[in-house]
Protein chains: 2
Amino acid sequence: MPNPVAEPQNLRRVGLKVTQQRIRILELLEQSEVKHLSAEDVYRQLLDRGEDIGIATVYRVLNQFEAAGLVRRHHFEGGQALYELESGDHHDHMVCLDTGEVIEFESPEIEKLQEQIAAQHGFLLEDHRLVLFVRKPRPAGRVR
Amino acid sequence: MPNPVAEPQNLRRVGLKVTQQRIRILELLEQSEVKHLSAEDVYRQLLDRGEDIGIATVYRVLNQFEAAGLVRRHHFEGGQALYELESGDHHDHMVCLDTGEVIEFESPEIEKLQEQIAAQHGFLLEDHRLVLFVRKPRPAGRVR
DNA sequence: TTGGGTGCAAATTGTTTGCAATTGT
DNA sequence: ACAATTGCAAACAATTTGCACCCAA
């Protein structure tokens, strides 16, 4: 079975007390269809589920999770930050400009090139952010 | 001579009235040593130069410039957006985690890979954002 | 002259923080 | 029991907006 993230030991492992709220947030991130959620999304969905939680707690917990490496924070387009569960694999994102859909992808080739470029400038690559903004091509022969 | 950006015709070309404020902002972006400035940076520096301008105008003008393709907005780390003159060439950025220094670089190979990846997913690449977070390596043999 | 542009202050949006009450260990 | 965590409301930071006045075309 896949290692479920919303497990008490995962919280203990990173030195966080196992509270209802933290478990609920992890569960939500894990179960959600949409993988990239804003703090507001998390808050609203938990309220909808009948959970008792405050927006401040959501922000605090997401920050702690990020610091602990449990989640990753993104700043695609639009003011708010989006959080996704840190799955371990390094993947980047493609955002459809028409639908807002977020697609994940991996490219070891690009990663390697990034390392090389950093090295060429005398730096060590610690992390990176790559987002492709894309669009469905107009089908051939189809015109407005 | 290199085509100066802070020229009336560049504003007219994109359908914007030629105002003192717009000219001043373009001049500042063009002359500034540091290429990536926040709205606040632009505002303060213009005030320091003795210009009479409001922060709201700076935001409005920078937004118009972005829409017109004259500047590019970035969201590296930290809350605020940074703006840089759109120079035409496609370059990406490397941010030093220790110093905050921003280095620009180009990589046609990475660009090509991006196109391929988008295509593999049935999309057309419209734009992208790539930021490398880097750090100076601890010199060999030197230990804390 | 006149519609776009500006400055000011107030309003929004997204996020953080102080503090008393609550809860996990 | 005791420190960590929570919820609320207030505080913040970055950016946007309403509106009366102003200025480039």
Side-chain angles (χ1 to χ4, degrees), chain A residues 6-28 36-68 70-83, chain B residues 6-28 36-68 70-83:
Chain A
E7 288 288 304
Q9 67 259 27
N10 282 312
L11 287 173
R12 295 210 184 84
R13 181 165 45 81
V14 297
L16 293 173
K17 253 188 192 174
V18 180
T19 65
Q20 282 301 304
Q21 293 82 338
R22 286 179 181 149
I23 292 286
R24 295 292 161 267
I25 291 176
L26 276 188
E27 279 178 359
L28 182 65
H36 305 81
L37 301 172
S38 67
E40 194 71 25
D41 291 338
V42 171
Y43 175 62
R44 294 235 169 280
Q45 293 198 38
L46 287 180
L47 285 192
D48 289 350
R49 287 185 178 197
E51 302 294 341
D52 187 12
I53 196 169
I55 186 72
T57 299
V58 173
Y59 274 106
R60 268 185 300 231
V61 168
L62 286 174
N63 280 342
Q64 294 161 338
F65 283 1
E66 192 198 9
L70 291 175
V71 306
R72 184 160 259 250
R73 190 209 311 248
H74 295 281
H75 274 93
F76 300 140
E77 289 297 275
Q80 7 72 331
L82 299 185
Y83 300 81
Chain B
E7 288 289 303
Q9 67 259 29
N10 282 311
L11 287 173
R12 294 209 185 86
R13 182 165 44 83
V14 297
L16 293 173
K17 246 188 198 176
V18 180
T19 66
Q20 281 302 304
Q21 293 82 339
R22 287 178 180 150
I23 292 286
R24 294 294 161 264
I25 291 176
L26 277 187
E27 279 178 358
L28 182 65
H36 305 81
L37 301 173
S38 68
E40 193 72 26
D41 291 338
V42 171
Y43 175 60
R44 294 235 168 281
Q45 292 197 37
L46 287 180
L47 286 192
D48 288 350
R49 288 186 177 197
E51 302 295 338
D52 186 12
I53 196 169
I55 186 72
T57 299
V58 174
Y59 275 107
R60 268 184 300 230
V61 167
L62 287 174
N63 281 342
Q64 295 162 337
F65 283 1
E66 192 198 9
L70 291 176
V71 305
R72 183 158 258 248
R73 189 209 312 250
H74 296 281
H75 274 93
F76 301 140
E77 289 298 273
Q80 7 71 332
L82 298 187
Y83 300 82

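Each chain gets a letter, A, B and so on, in the order the sequences are listed, and its residues count up from 1. Just so you know, these numbers come straight off a predicted model, no measurement behind them.
The distance from atom CD1 of I23(B) to atom C1' of dG5(C) is 14 Å, rounded to the nearest whole Å. Across the protein-nucleic acid pair, L11(A) atom CG and dT6(D) atom P stand 10 Å apart, rounded to whole Å. One can place NE2 of H74(A) at 18 Å from P of dG14(C), the figure rounded to the nearest angstrom. Atom CG in D52(A) sits roughly 12 Å away from atom C1' in dC8(D) (whole-Å rounding). At whole-Å resolution of the value, CG in D41(A) and P in dT15(C) are 10 Å apart. Atom CD1 in I53(A) sits roughly 18 Å away from atom P in dT22(C) (whole-Å rounding). Atom CG of L37(A) is separated from atom P of dT15(C) by 13 Å (rounded to the nearest Å). Residue Q64(A) contributes atom CD, which lies 6 Å from atom P of dT5(D) at whole-angstrom precision.
Regarding contacts with the backbone of dG7(D), a side-chain N or O of Q21(A) is found under 4.0 angstrom from either OP1 or OP2.
Among residues two or more places apart in sequence or in another chain, the side-chain contact (heavy atoms from CB on, under 4.5 Å) test is passed with F76(A) by H36(A), H74(A), L82(A), H93(A), V95(A), V102(A), V131(A).
To the nearest 0.5 Å, atoms CD (E66(B)) and OH (Y83(B)) are separated by 6.5 Å. Note that CG of L28(B) is 5.0 Å distant from CD of Q45(B), once rounded to the nearest 0.5 Å.
When all heavy atoms are compared, the tightest approach of I23(B) to L11(B) is CD1-CD1, 3.9 Å.
Here the side chains of L62(A) and V58(A) are in contact, with some heavy-atom distance below 4.5 Å. The side-chain heavy atoms of I53(B) and R24(B), taken from C-beta on, include no pair separated by under 4.5 Å.
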What does nucleotides 13-25 of chain D look like as a protein-contact string, B for base, S for sugar-phosphate only, - for none, at under 4.0 angstrom between heavy atoms?
-SBBBB-----BS
